[in-house]
Amino acid sequence: MAKGFDIHIKGHPSEGLKVEPLSISEALNLLKVKNIEGIAAARVNGVLRDISGTLETESELEPVYINSDEGLDILRHSTSHIMAMAAKELFPGIRVTIGPSIQDGFYYDFDYERPLREEDLPDIEKKMKEIIAADLPFSRRELSSSEAIEFFRSEGEDYKVELINDLGAERVSLYTQGTFTDLCRGPHIPSTKMVKAFHLTKVAGAYWRGDENRAMLSRVYGIAFADRKSLQQHLHRLEEARKRNHVKLGPQLDLFNTYDEVGAGMIVWHPKGAMLRHILEEFEIQEHVKRGYELVKGPTILKTELWKKSGHFENYRDNMYFTTIDDNSYGIKPMNCLSHMLIYGSKIRSYRDLPKRYFELGTVHRHERSGVLHGLLRVREFTQDDAHILCAPDQLNGEIKGVLDFVKEIMDVFNFEYELEISTRPEKSIGTDEDWELGTTALIKAMEENHLPYEINEGDGAFYGPKIDVKLKDALGRKWQCATIQCDFTLPERFNLVYIDRDGQKHRPVMIHRVVLGAIERFIGVLIEHYAGAFPAWLAPVQVKILTVTDRNIDFGEKLLAEITSMNIRTEADFRNEKLSLKVREAQLEKIPYMLIIGDKECEEEGVTPRQRSGQNLPFMKPEEFIDLISDECKQRR
RNA sequence: GCCAGCGUAGCUCAGACGGCAGAGCAACUGAUUUGUAAUCAGUGGGUCGGGGGUUCGAUUCCCUUCGCUGGCUCCA
C-alpha cells in the first residue's frame, strides 16, 4: 500500500515529517503551522492547492494566508462564487458566465431575463451573508469535459458549456459549495465562513466575452478583504480619492466647466484653467525647441481627398467629422500629421536635413462614442503636443531613444510614475508585414537599450504602425494613455516623401508620431488629481494673493500688487472689508501657494509676511526677497 | 453605441398621495475696520435638464430627448 513520504514547510526542511497520504490541512496541523484558521490555500511543491486536497508524495508546503496578495485573490474569487450562488437562489432562471477576482474585489457576469439593478444588490448581499453563515465547504472534483458539459447542459448553463468547449481540455475541475457548482480552476478557501468582509459596489453592463455583437450581461462588482478593518480602510481610501476627482475639483477651482448647451465631450476653459494650459504649453514649446523641434501649425479642416490619400478616410472615418464647403467635402482633423507631411514634401530634402522634427500644439476633434466620455480624460475636442519626426532608417533607433528620454525628463518634472506598453499590429491596419516587424523591433530595441520595463499589448497598435504607450494613473488608479511613440512607414510612402542620400538617390524617410503629455486636456485631468488641485507655484494659475487686514493697508497693498505683478508673478488681491480669517479661508480653499498678509506692521516696515499653503508663515521679509524666493521656486519647478 | 444610476437656486443637498417648491453656503444691500480656515442683519434668486403624453391639475406617473457618473466596447 501507500508508503511513507516526507513533507516539510518551505524554508524548514529539518522540521519535516514522514507521513502516509493525508489532507493538506492535516499536514499543516502536523507540521505545527501557526494560525491555521487564517490559511486560504497552500502552495504544494510550488502549485497552489485547496487545503482540503490530499498529499500522496513528498511535498514542500507553503501556507497561503488570507491576508497575503495570493490569499486575498483566492478569497475574492471564492466570494464571487458565493455571489453567484446567491443570485441563482434569488433569481430563478439566471445563468452564470464568468466571475474572476480583480483588484480589491471581484465580479460575476450574469444573464437574466432583465438587467440587474442597483436595488437588487442589498438582496444579494443578504443572501450571501446567509451562505457565509452556513459555513459551507468548497469541494473540488475533476471529471471529463464531456461529463462536465452534460452536467452544465442539464443545469441550463449554456455559457459554461461554451467555455468548456473552448477550453478543449481533456478533464476540467468543478467546485461546489452548497447548491452551487461552477466550472473553476481553483483553488478556493476551505469554507464560505472565511469571508469576513465584503460589499457589493455596483452593477454594470458587460458584453459576453467583451464582444459588442454578443449578449449584454449584468456584471455585479464587489470588494472583499480579509477583515472588516481592511474593508473600512479601503472605503476610506476611495473617499479620499473622490476628493481629488478632477471632475469636481476643476469647476470648484474655476479651471473649466462643461455646459449641456455646448455638447458632450467639449471643455470650456475658464480664466484660471486657460492660464494653467498656457503655462503647460509654454513649457512644452521651450522643451521642444531645446531639443531641436521646429514649430509648425496646420489648419483644422482639410479636404476629404487628402484624408483618403493618407488612409484616414479608410481606417478612421467613423471617428471623424465631415463638412462641405463650396461643394467640396472637408474632414475636421482627428490627427495633425497631414499638414506635417505636406511641409516635409514642400521641397527637396537632403540626408543632411534629417531628422526633421515638426512640433504642433494641434487641436483635434474625434467622434468618441457617447458612453466613453469622461471629464477631461476622454473628450471629443483636445489639443495634442504632437510631433512628427522624419528620419533616415538608421536614425530611427536614436530618435526613439531620444523621445523616451524626453518623456522621462518631463514626467520627472511632475513626479509622475508611469507604465510602458508596446502595442503590436491590430486587425484593421495598413502597411506591409515587414514594415510592422521592423517598427515593432525598433521600439523593443530602444526600450531594452534604455533599460525600461514594458508590457506587450498584442493587436493594440494604431492602424498605421506599432507604438509605445505611456500610462499614468488617476486618483482611482485607472490607467490613462498620455505619451505615445508610434512608428509609421506608410504615410511617408503615401505622400511620396523622399530625401536625397549620399548616393544621390531618392530614399524613403521613416516617421515617428509622438506626443509627450498626450492631450493637454487629459494631462491636466490627471495633473489635478495628482496634486489634488494644489499645484506647485510654477503651475499655479494664481501664485500669490495679497490680503489686507484693514482698509488702512490698501495703499501699500496696491503698491505691492503692482510691484509683484510687474515681475510676472501671477497675483490677486483681496482688499475687501472682511475679517482676515475669512480671506485666509477663501484663499486656502482656492489652494493658492502664497498669501501675503498686509497689516499695519507690514505697511510701516514696507515688507511682507508670507503664509504658505501648508499654513506655515515665513519670517517677515522685504518684497524683493519674496519675489526672489518665489521666482527661484518656479525656476526649479518645485 | 450598449447596461445601470443620476439631473430640484451659482454650489451642497432636502422635499412631496399628483394640489402655491425648501435649507445652508454663495450673490446683492446695509452695518462692522477686523492679524492667519466662516462678523451680523436684511433682500433678491427656480420654466424642479428640454419636449411630448396621461390628468381638472405633473417637478412628482408614462414616453422621448439632452447631459453627467460607473462599467462594457473603443482610444490621447
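Just the heavy atoms: all of them, side chains too, but no hydrogens, waters or symmetry mates, feed the values below.
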message: Tell me if the CD atom of A/Glu455 is crowded by more than 12 foreign heavy atoms within 6.0 Å.
response: no
- request: Give a yes/no verdict on a cation-pi contact between A/Arg277 and A/Trp269, requiring under 6.0 Å between NZ or CZ and the six-membered ring centre and an angle within 45° of the axis.
  value: yes
field: N/O donor-acceptor pair, side chain A/Tyr207 with base B/rG1, under 3.5 angstrom
entry: yes
Nearest to side-chain heavy atoms of A/Met216, which nucleotide of B/rG1, B/rG35, B/rC3: B/rC3
message: Heavy atoms only, 4.0 Å cut-off, all strands: where does A/Asp600 land among base, sugar-phosphate and nothing?
response: base
message: Rounded to whole Å, how long is the line connecting atom NE2 of A/His367 with atom P of B/rG1?
response: 6 Å
message: Does A/Lys297 have more than 12 heavy atoms from other residues, nucleotides or ligands lying within 6.0 Å of its NZ?
response: yes
query: Looking for any heavy atom pair under 4.0 Å, which part of the strands does A/Lys428 touch: base, sugar-phosphate only, or nothing?
result: nothing
Distance test, side-chain N/O of A/Lys467 to OP1/OP2 of B/rA76, below 4.0 Å: yes
message: At 4.0 Å (heavy atoms only), tell me whether A/Val364 reaches a base, stays on the sugar-phosphate, or touches nothing.
response: nothing
- prompt: Cation-pi between A/Arg317 and A/Phe313: NZ/CZ under 6.0 Å from ring centre and within 45° of the ring axis?
  reply: yes
message: Let's test your reading of the model: under 3.5 Å, does the base of B/rC74 pair with the side chain of A/Arg378 as donor and acceptor?
response: yes
message: Let's see if you can work this out: which of B/rC72, B/rA4, B/rG1 has an atom nearest to the side-chain heavy atoms of A/Arg380?
response: B/rG1
query: Got A/His246 and A/Leu377 here, is their nearest side-chain heavy-atom distance under 4.5 Å?
result: yes
message: Using a 4.0 Å heavy-atom cut-off, does A/Lys601 contact any base of the nucleic acid, only the sugar-phosphate backbone, or nothing at all?
response: base
- prompt: How would you label the contact of A/Ser581 with the nucleic acid (heavy atoms, under 4.0 Å): base, sugar-phosphate, or nothing?
  reply: sugar-phosphate
- prompt: What does A/Arg219 touch in the nucleic acid at a heavy-atom separation under 4.0 angstrom: a base, only the sugar-phosphate, or nothing?
  reply: sugar-phosphate
- request: Describe the nucleic acid contact of A/Gln481 in one word from base, sugar-phosphate, nothing, applying a heavy-atom distance below 4.0 Å.
  value: sugar-phosphate
- request: Report yes if a donor N or O on one partner sits less than 3.5 Å from an acceptor N or O on the other, where the partners are the side chain of A/Glu602 and the base of B/rG35; otherwise report no.
  value: yes
query: Pick one: which of A/Tyr358, A/Tyr464, A/Phe489, A/Phe463 meets ring pair (Phe, Tyr, Trp, His ring centres under 6.0 Å) with A/His513?
result: A/Tyr464
task: May I ask you to verify if any side-chain N or O of A/Thr484 is less than 4.0 angstrom from the OP1 or OP2 atom of B/rA76?
output: no
message: Using O4'-C1'-N9-C4 for purines and O4'-C1'-N1-C2 for pyrimidines, with syn meaning within 90° of 0, is B/rC17 syn or anti?
response: syn
message: For a quick test of reading the model: is some side-chain N or O of A/Arg369 closer than 4.0 Å to OP1 or OP2 of B/rC72?
response: no
- prompt: Heavy atoms, side chains only, cut-off 4.5 Å: are A/Phe523 and A/Leu472 in contact?
  reply: yes
query: How is A/Lys202 classified with respect to the nucleic acid when contacts are heavy atoms under 4.0 Å: base, sugar-phosphate, or nothing?
result: sugar-phosphate
- prompt: Contact class for A/Gly375 vs. all strands (heavy atom < 4.0 Å): base, sugar-phosphate, or nothing?
  reply: sugar-phosphate
message: Mind checking if A/Ala206 touches a base, just sugar-phosphate, or nothing, with heavy atoms under 4.0 Å?
response: sugar-phosphate
task: Sort out for me which residue in A/Met335, A/Arg378, A/Glu381, A/Lys333 forms a side-chain contact (heavy atoms from CB on, under 4.5 Å) with A/Arg366.
output: A/Met335
message: Classify A/Gly599 by what it touches in the nucleic acid, base, sugar-phosphate, or nothing, heavy-atom distance under 4.0 Å.
response: base
Centroid separation A/Phe406 to A/His288 less than 6.0 Å: yes
- request: Examine the base of B/rA38 for any acceptor or donor lying under 3.5 Å from a partner atom in the side chain of A/Arg585, and report the outcome as yes or no.
  value: yes
query: For A/Trp480 and B/rA76, is the gap between ring centres under 5.5 Å while the planes differ by less than 30°?
result: no
statement: Re B/rG1: Watson-Crick or G-U wobble partner, both distances kept under 3.5 Å, found to be B/rC72
- prompt: Are any of A/Gln486's side-chain N or O atoms less than 4.0 Å away from OP1 or OP2 of B/rA76?
  reply: yes
message: Heavy atoms only, 4.0 Å cut-off, all strands: where does A/Tyr107 land among base, sugar-phosphate and nothing?
response: nothing
query: Is it true that the NZ or CZ of A/Arg219 lies under 6.0 Å from the centre of A/Tyr107's six-membered ring and within 45 degrees of the ring axis?
result: yes
task: Please determine if A/Glu240 and A/Arg244 form a salt bridge, counting it only when a charged side-chain N lies under 4.0 Å from a carboxylate O.
output: no
Could you go through nucleotides 60-66 of chain B and list every protein N or O atom that sits under 3.5 Å from one of its N or O atoms, giving the distance for each pair?
none

- request: Assign A/Arg117 to base, sugar-phosphate, or nothing according to its heavy-atom contacts below 4.0 angstrom with the strands shown.
  value: sugar-phosphate
task: Give a yes/no answer on whether the side chain of A/Arg478 brings an N or O atom under 4.0 Å of OP1 or OP2 in B/rG70.
output: yes
task: Mind checking A/Lys248 for me? I need base, sugar-phosphate or nothing, with any heavy atom below 4.0 Å counting as a touch.
output: sugar-phosphate
- prompt: Start at the 5' end of RNA chain B and walk down; is the nucleotide closest to A/Met595 or to A/Lys471 reached first?
  reply: A/Met595
query: Distance check: side-chain N/O of A/His374 vs OP1/OP2 of B/rC68, anything under 4.0 Å?
result: no
- prompt: Is there a side-chain contact between A/Asp469 and A/Leu420 (heavy atoms, below 4.5 Å)?
  reply: no
Pull out every protein N or O sitting under 3.5 Å from an N or O of nucleotides 26-33 of chain B, one pair per line with the distance.
residue, atom, partner, partner atom, Å
B/rU32, N3, A/Asn577, ND2, 3.0
B/rU32, O4, A/Asn577, ND2, 2.3
B/rU33, O2, A/Asp551, N, 3.1
B/rU33, N3, A/Asp551, OD2, 2.6
B/rU33, O4, A/Asp551, OD2, 2.9
B/rU33, O4, A/Asn577, ND2, 3.3

